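On a predicted model such as this, the values are computed, not experimentally measured, just so you know. So you know, we letter chains A, B, ... as the sequences are listed, proteins then strands, and number each from 1. Just so it is clear, the values below take in all heavy atoms, side chains as well, and ignore hydrogens, waters and symmetry mates.
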Amino acid sequence: MKPSLATRIGALKLDNPVLMASGTFGYGDEITDLVSVGKLGGIITKTITLQPRPGNPPPRICEVTGGMINAIGLQNIGAERFLQEKLPALRALQVNIIVSIAGNSVEEYVRLAHQLDGVRGIAGIELNLSCPNLQKKIISQDPKLVRAIVAAVSKASRVPVIAKLSPQVTDIVAMAEIAMTAGATAVSLINTFPAMAIDIATRKPKIAFVTGGLSGPAIKPMAVRAVWEVYRALKAPIIGGGGIMTAEDAVEFLLAGASAVSVGTANFIDPGVPEKIVSGLRSYMERYGIINIKELVGSVRC
Amino acid sequence: MARTNETVTIIENKMVGPGYVRLVVDAQKMARNSRPGQFFMLRVPGVFLRRPFSVYDADKGRLSFLYKIVGAGTEYLSLMKPGSSLGILGPLGTRYEFDAVSPGTIPVIVAGGTGIASLHFLAQRISQSGKLFYGARTKKDLLCLKEFRARKWQLHLATDDGSCGHKGLVTDMFKKFLAEQSSASSPLAVFACGPKLMLDAVTVAAAAHGIVSQISLESMMACGMGNCQGCAVKIGNEYKMVCKDGPVFNV
Ligand SMILES: Cc1cc2nc3c(=O)[nH]c(=O)nc-3n(C[C@H](O)[C@H](O)[C@H](O)COP(=O)(O)OP(=O)(O)OC[C@H]3O[C@@H](n4cnc5c(N)ncnc54)[C@H](O)[C@@H]3O)c2cc1C
Ligand SMILES: Cc1cc2nc3c(=O)[nH]c(=O)nc-3n(C[C@H](O)[C@H](O)[C@H](O)COP(=O)(O)O)c2cc1C
Ligand code: FES
């Protein structure tokens with residue numbers, strides 16, 4: 001029997017569990033010449049905000065062992081232009097579109113949710129609660145704010161709401177629980193780790209914003225652990241990601257408890273990676289005689 | 001867009017100067033699609049992110065790059081042997097617009113260091129000859145002079161140590177040249193690639209003479225195609241992406 005890769009995040013059905021992570025492939029409409037986006041489980045757009053944001057001064061990125069640090073600063077064209085200029089092209093791709101949003105206050109999140117509600121072609125909303133690059137403190141470190149935002153957006157939105165959390169918290173399980181009880185459909189684990197690198201010749205930070213977010217293979221074991229902790233405690237639907245480069249990496253996340261996975265930085269190394277992960281997952285299932293990918297979720301033998 | 005993501009075979013990877021290497025790969029389609037000013041992202045084994053390199057030449061199905069060994073990535077790249085395969089993505093970015101160089105216009109190239117790579121490709125594709133202003137550290141760091149001479153370009157060379165040509169900045173020679181232009185002189189089309197300070201001096205001097213220059217910028221890159229927004233540079237009061245809005249900008 002052919003293995004089934006179909007999975008779901010609450011009411012959101014996916015043909016396969018592979019999602020493009022927010023902020024790592026633009027708005028998704030511009031790499032269709034290199035990637036068969038329709039073969040993926042879905043895409044999570046670059047985070048959009050109410051007003052356009054110019055982003056941080058350069059240099060914004062640097063390479064470190066096993067990954068990279070970025071401080072893009074949520075550069076984006078704003079919700080209105082996104083809906084007008086980008087969404088029509090995305091819709092035409094016939095793939096699940098999850099729109100990532102961020103704001104500076106509960107009100108901003110809610111206004112965004114209203115603006116997106118009922119718009120054809122939007123299958124879900126991911127709340128970027130964890131962007132470490134805004135001058136203010138990371139929202140995911142403030143339990144009250146997380147609860148308020150998730151509750152308000154869940155109420156304002158008819159599509160599944162996914163809370164994307166920062167790993168930089170004392171207790172990721174507690175944060176995930178707050179998000180789930182406030183009404184989130186799922187949690188997305190995890191965003192980048194706050195990090196820093198210094199050029200020893202100039203004694204300057206390698207990133208103008210001084211600190212940024214670490215992504216890539218360097219963070220994978222910590223991301224797998226976060227997924228496992230949350231799954232073990234809550235059995236919540238989880239989008240797992242952080243450092244996924246191969247199908248084997250994706251399997252690890254599924255075994256730890258993720259129902260879907262997100263692929264970010266790997267897109268820079270090779271835009272063909274997400275598709276290779278889809279076919280690699282199929283081969284893995286065939287090799288181990290797994291008929292339904294859901295059998296894998298959380299099946300780590302501890 | 002004519003870019004593709006392929007694995008190609010290395011034909012040559014040879015030292016052509018102290019720390020400078022010419023890399024030639026077999027890539028029919030990519031060579032055909034490449035235009036002067038465009039670049040490729042090379043997947044160098046041993047380092048994490050791909051590295052960007054301008055097209056140095058593209059002819060008969062062969063794509064060439066000219067790079068300087070400056071760190072781990074270029075060091076590993078230089079160790080790769082002919083016959084081995086290399087992942088490359090491109091061609092990417094904007095190009096030098098030289099179709100606009102009308103018969104009466106004189107192309108003027110200002111190059112610093114490895115900036116010569118993309119400008120070499122440009123000179124190969126412009127039918128008329130022009131003037132090359134080229135600065136480097138020493139005589140040995142001045143590359144591909146033979147090719148420019150063969151195409152009858154007039155050379156104005158500068159080195160930091162005076163081992164060849166003018167001792168000092170190439171931009172001083174360029175400024176002097178501009179100052180000598182009169183209203184009766186032929187119009188100029190300026191193309192420049194090199195260190196940031198050199199480019200600043202070129203654009204300021206050209207602008208003072210009412211000339212728009214086409215300059216090629218560099219920045220740290222991750223994706224090379226506008227997806228990560230990591231390669232931003234400030235142009236006017238806006239952030240532009242070097243990989244997609246550039247690398248060649250009109251200023
Ligand atoms: C569009 C574009 C075209 C380029 N074309 C050429 C070319 O034709 N020939 C050539 O020799 N070099 C070119 N470069 C620069 C080349 O990409 C870097 O020298 C290379 O990435 C360094 O890699 P590394 O691992 O050896 O050095 P690293 O160890 O990463 O760094 C060594 C030094 O190089 C600098 N550097 C690293 N990456 C870049 C980068 N992407 N752009 C600029 N500086 C960087 C670092 O700040 C550091 O000072 C180009 C860069 C860009 C953006
Ligand atoms: C350049 C860059 C930009 C990113 N932009 C966003 C963003 O706008 N919103 C967001 O929620 N996450 C953003 N992320 C985080 C990724 O979506 C992902 O959660 C993180 O990088 C870890 O996964 P990875 O190791 O597979 O990249 C960004 C990451 C990178 C590297
Ligand atoms: S390198 Fe990613 S946007 Fe330019």
- Query: chain B heavy atoms under 4.5 Å from A/Thr65: which part of the residue, side chain, backbone, both or neither?
  - Reply: neither
- Message: Looking at B/Arg125, I want to see if its CZ is surrounded by more than 12 non-hydrogen atoms of other residues, nucleotides or ligands under 6.0 Å.
- Response: yes
- Query: Is it true that atom CZ of B/Phe249 has more than 12 heavy atoms of other residues, nucleotides or ligands lying nearer than 6.0 Å?
  - Reply: yes
- Query: Tell me, side chain or backbone of A/Met245 under 4.5 Å from chain B's heavy atoms, or both, or neither?
  - Reply: side chain
- Query: So which of A/Gly216, A/Pro59, A/Cys62, A/Pro217 has the biggest tally of heavy-atom pairs under 4.5 Å with chain B?
  - Reply: A/Pro217
- Just wondering, are more than 12 heavy atoms of other shown residues or ligands nearer than 6.0 Å to CZ in A/Arg225? no
- Query: chain A: which of B/Glu238, B/Met41, B/Met225, B/Lys234 shares the most heavy-atom pairs with it under 4.5 Å?
  - Reply: B/Met225
- Message: Using a 4.5 Å heavy-atom cutoff, which residues in residues 34-47 of chain A come close to chain B?
- Response: A/Leu34, A/Lys46
- Can you tell me if B/Gln38 uses its side chain to pair, donor with acceptor, with the backbone of B/Arg35 under 3.5 Å? yes
- Spell out, as yes or no, whether a donor-acceptor pair under 3.5 Å connects the side chain of B/Thr94 to the backbone of B/Gly246. yes
- Message: Is it true that, when you exclude B/Asn5 itself, more than 12 heavy atoms of the residues, nucleotides or ligands shown sit nearer than 6.0 Å to its CG?
- Response: yes
- Note on the structure: Residue from A/Gly67, A/Gly66, A/Gly28 scoring the most non-hydrogen pairs under 4.5 Å with chain B is A/Gly67
- Query: Is a side-chain donor or acceptor of B/Ser163 paired with a backbone partner of B/Lys139 at a separation under 3.5 angstrom?
  - Reply: yes
- Can you tell me if B/Tyr96 uses its side chain to pair, donor with acceptor, with the backbone of B/Ser216 under 3.5 Å? no
- So does B/Glu12 have more than 12 non-hydrogen atoms from other groups sitting under 6.0 Å from CD? yes
- Atom group of A/Ile207 that falls short of 4.5 Å from chain B, counting heavy atoms: neither
- Backbone N or O of B/Lys140 within a donor-acceptor pair of the B/Thr138 side chain at under 3.5 Å? yes
- Message: If only side-chain N and O atoms count, and only distance matters, is there a donor-acceptor pair under 3.5 Å linking A/Thr24 with B/Asn227?
- Response: no
- Message: More than 12 heavy atoms of other residues, nucleotides or ligands under 6.0 Å from CD of A/Glu80: yes or no?
- Response: no
- Using non-hydrogen atoms and a limit below 4.5 Å, what part of residues 45-56 of chain B faces chain A? B/Val47, B/Phe48, B/Leu49, B/Arg50, B/Arg51
